[in-house]
Amino acid sequence: MELTKENISQEILLKAFNHMMLAKAMADIYEENRNITKYVHSTSRGHEAIQLATAYQLTKDDWVSPYYRDESLLLGIGFEPYRLMLQLLAKAHDPFSGGRSYYSHPSSLEEDKPKIIHQSSATGMQTIPTTGVAQGIKYIQEFNLQQFENNPVVVCSLGDNSVTEGEVSEAFQFAALHQLPIIFLVQDNEWGISVTKEEARTADAYDFVAGFTGMNRMRVDGTDFVESFEAMKNAVDFVRTERKPMVVCAKTVLIGHHTSGVRREFYRDEADLEKHRAKDPGNILRKRLLEDGVDEDLLKQIEKKARLEAEQAFQKAIEAEDPKPETVENFVFAPTPVTEEKGIRVPDQATEKIVMVDAAIHAIQELMWKHPEALLYGQDVGERIGGVFRETVTLGQKFGNKRVFNTAIQEAYIIGSTVGMSAVGLKPIVEVQFADYIYPGINQLITEISKSSYLSGGKFPVSNIIRVPTGAYGGGGPYHSGSVESILANIKGIKIAYPSNAADFKGLLKAAFYDPNPVIMLEHKGLYWSKVPGTEEAKTIEPDEDYILPFGKANIILEADPAEIEKGRTLVIVTYGMGVYWAKEAAKSFEGRVEIIDLRTLIPLDEKLVFERVKLHGKCIVLTEEQIQNSFAEAFAHRISKNCFQHLDLPVETVGSLNLPAVPINLVLEKEMLPNAEKLREKITEIFIL
């Protein structure tokens, strides 16, 4: 095989030239057919060299997260123009999302190519899920859970301006601290839409990461294919061998538009465009090939053939069928195997009751003994204290600090890394220390986790458990007492459990583990140890190891007297969590006249049982600890009213906290804000008088 003086075969150089001409032809065709290419898209013009140089290093054991300008990278790993164009035109057989997502937003599990988790449009946000992939691979190799032909390398590609995102720094920090096998490929074209580098940052990525001890780094001219190929070969070989992280800062140019919707003429002058066009990677490689003695006619033939191939692919893609309307709801969730209650809820001979916090510890312990792919991490969950509520105590000692470990204060990383961990076949159980601190992780929860199954066409449901201690009691104050279920319930594509007792907690946690979808466990701090007066019944006999309680199955925990129902003198309280105990206490004043439903899970929600019982009683209160206005409870009350309207004696009522921005720390003020049995009793009396 003929080699150039840099020891890169002419075959590889010609392959790269062909891919560059394809990328150019595709971009030109899209521009010429703007009435057809109506969906927003970006192209790789100006970035082709570094992208192809990266693609050519990767094997089927590797993982790569391209960003929205990485069309040449996708060509380089083997995706043909036709299949890319199916996504461009949002066609039914778009291999990545089935017509749901933008161009160059891939996801792939194809066996002969590097794997790609779902890619979103939120710039820089892919760094955390992709670092989670590297974290998962390190775990798999340390515990010998899977064999690979090659040590896998993970590549996360991103634009230079996205490096200023805080979540990118969380990924850098974790990768450097834990020495993960990942390359962060930063493509620096000096523009962030219309924001210049001078407006956006103090340093490029190379200088920026100097403070992350343990992070290796290099600079490269990303417009020169030969230099890029050598650099990426060195980077990939280093990470494949040394298993350490690397940042590659590749200087590129932006020849095309930012996107088809934000066109270059909106914000760039001719001088800037000429400066960038002068570094066109295709022209640089053409010059190199001619210097190496390649016949110019051959290059012209390659260019002509690329244009013809792109034209034919485009025409074929235009003629491809659109998605069928009835498929629009497919892939929101992956099917769960847990559909029925199984195991023994109250084992024979068992007499001692356990608190909720122990139910969780025992459930996780049983799962981790049985499943080596299970691991637990978060703030302070490790061996020293086992969680600020002692909710993971003993687990660190039993499983070691590679399976149960502390993280930094990085809620975004804790939550978002589960995407990558799940993708490589692990089951991460993670914890946010207080519900009030989930907000830094909301971006990952919405942008990456909730959409992953839907936008990957079901290829990448995120199988995780996110534990969130929630709720108020005992003067916890404004940043340790919040309820967040309404915010979470408004995120489509996640499941939410809210157990009120130890048996339900254990059964739901087991169901969450075997569910292939993302699950948030809302765990009321006041129920953990049953220290709040009136919550003694949160303690239960511990179910056996095989006990599983499926999501979406509410429970009638107090039934009304049939005679009172017959007389129309009853109502049903629909609630969850701490509300169960306020309802139980209040019901004591209305013997036989109150039914209580414990929802147990908020998504999925057992509307069937609720509607059935509301129609029977004709009167309903939805009880929550949250502030009522614009809440989950208020929305559910509306759905109950709509579905049960003809059977209602009165409008469905809601009872909850006062509409305040936070829970005050003073106990007198806290009590005034929160619902309780006494306030509920007054509402029930009011309803029965009407």
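Throughout, residue positions are numbered sequentially from 1 according to the sequence presented.
The two residues Ile255 and Pro281 have their closest heavy-atom pair at CD1-CD, 4.3 Å. Taking all atoms of both residues into account, the shortest heavy-atom contact from Ile116 to Pro66 is CG2-CD, 3.6 Å.
The aromatic rings of Phe314 and Tyr30 are tilted relative to each other, their planes meeting at an angle between 30° and 60°. Using the six-membered ring where Trp is involved, His178 and Phe174 have ring planes that are parallel, under 30° apart on the 30 and 60° scheme.
The neighbour count for Phe266 CZ, taken as heavy atoms of other residues, nucleotides or ligands under 6.0 Å away, is above 12. Counting non-hydrogen atoms of other residues, nucleotides and ligands closer than 6.0 Å to NZ of Lys113 gives a total above 12. Under a cut-off of 6.0 angstrom, the local environment of CD in Glu111 is sparse, with at most 12 non-hydrogen atoms contributed by other residues, nucleotides or ligands. The number of heavy atoms from other shown groups lying within 6.0 Å of CD1 (Ile409) does not exceed 12.
Summarising the geometry, atom CD belonging to Glu71 is positioned 8.0 Å from atom CD belonging to Gln51; distances are rounded to the nearest 0.5 Å.
Salt bridge absent: Glu265 and Arg268 never bring a charged side-chain N and a carboxylate O closer than 4.0 Å. For the pair Glu48 and Lys24, the salt-bridge criterion is not met [side-chain N within less than 4.0 Å of a carboxylate O]. Electrostatic pairing of Arg264 and Asp272 does not count as a salt bridge here, judged by no charged N lying under 4.0 Å from a carboxylate O. Remark: Lys15 does not engage Glu11 in a salt bridge, criterion side-chain N to carboxylate O under 4.0 Å. Salt bridge present: Arg83 and Glu110 bring a charged side-chain N and a carboxylate O closer than 4.0 Å. The residues Glu227 and Arg288 are annotated as not salt-bridged, no charged nitrogen and carboxylate oxygen being separated by less than 4.0 angstrom.
When only modelled atom types and interatomic distance are considered, Asn33 and Thr37 share no side-chain donor-acceptor pair under 3.5 Å. Side chains of Gln410 and Gln173: a donor-acceptor N/O pair is absent below 3.5 angstrom, by distance only. When only modelled atom types and interatomic distance are considered, Glu165 and Ser162 share no side-chain donor-acceptor pair under 3.5 Å. A donor-acceptor contact closer than 3.5 angstrom links the side chains of Ser65 and Gln119. Side-chain atoms of Glu411 and Gln379 include a donor-acceptor pair closer than 3.5 Å. Ser72 and His47 share no side-chain donor-acceptor pair at under 3.5 Å.
Ring to ring, Tyr68 and Tyr102 are not that close: their centroids are 6.0 angstrom or more apart.
Between the side chain of Ser107 and the backbone N or O of Phe96, at least one donor-acceptor pair lies under 3.5 Å. With hydrogens and angles ignored, the 3.5 Å screen pairs no side-chain donor or acceptor of Ser450 with any backbone N or O of Ile494. A donor-acceptor pair under 3.5 Å links the side-chain atoms of Arg69 to the main chain of His258, judged by distance alone. Using modelled atom types, one side-chain atom of Lys492 and one backbone atom of Asn490 make a donor-acceptor pair closer than 3.5 Å. Side-chain N or O atoms of Asp188 include none that pairs as donor or acceptor with a backbone N or O of Asp160 at under 3.5 Å. The backbone N or O of Leu14 sits nowhere less than 3.5 Å from a side-chain atom of Asn18 that would complete a donor-acceptor pair. Looking only at distances, a side-chain donor or acceptor of Asp70 sits under 3.5 Å from a matching main-chain atom of Tyr67. Looking only at distances, a side-chain donor or acceptor of Asp62 sits under 3.5 Å from a matching main-chain atom of Val153. Ser452 places no side-chain N or O within 3.5 Å of a backbone atom of Ile449 that could act as its donor or acceptor partner. In this structure, the side chain of Thr470 engages the main chain of Gly482 through a donor-acceptor pair within 3.5 Å.
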Glu431/Ile414 under side-chain contact (heavy atoms from CB on, under 4.5 Å): CA gap, chis, key distance, verdict: CA-CA 7 Å; Glu431 182 176 310; Ile414 292 166; over 6 Å; no
Verdict with reasoning, Arg219 to Asp207, per salt bridge (Lys or Arg N to Asp or Glu O under 4.0 Å): CA-CA 10 Å; Arg219 279 198 178 104; Asp207 288 332; 3.2 Å; yes
Intermediate values then yes/no, side-chain contact (heavy atoms from CB on, under 4.5 Å), Arg100 and Lys451: CA-CA 10 Å; Arg100 290 168 171 79; Lys451 295 176 173 59; over 6 Å; no
Test log, rule side-chain contact (heavy atoms from CB on, under 4.5 Å), inputs Thr54 and Ile77: CA-CA 9 Å; Thr54 302; Ile77 64 175; over 6 Å; no
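A heavy-atom distance below 4.5 Å is found between the side chains of Glu190 and Lys275. Ser417 has its side chain within reach of Tyr377: a pair of non-hydrogen atoms, C-beta onward, lies under 4.5 Å apart.
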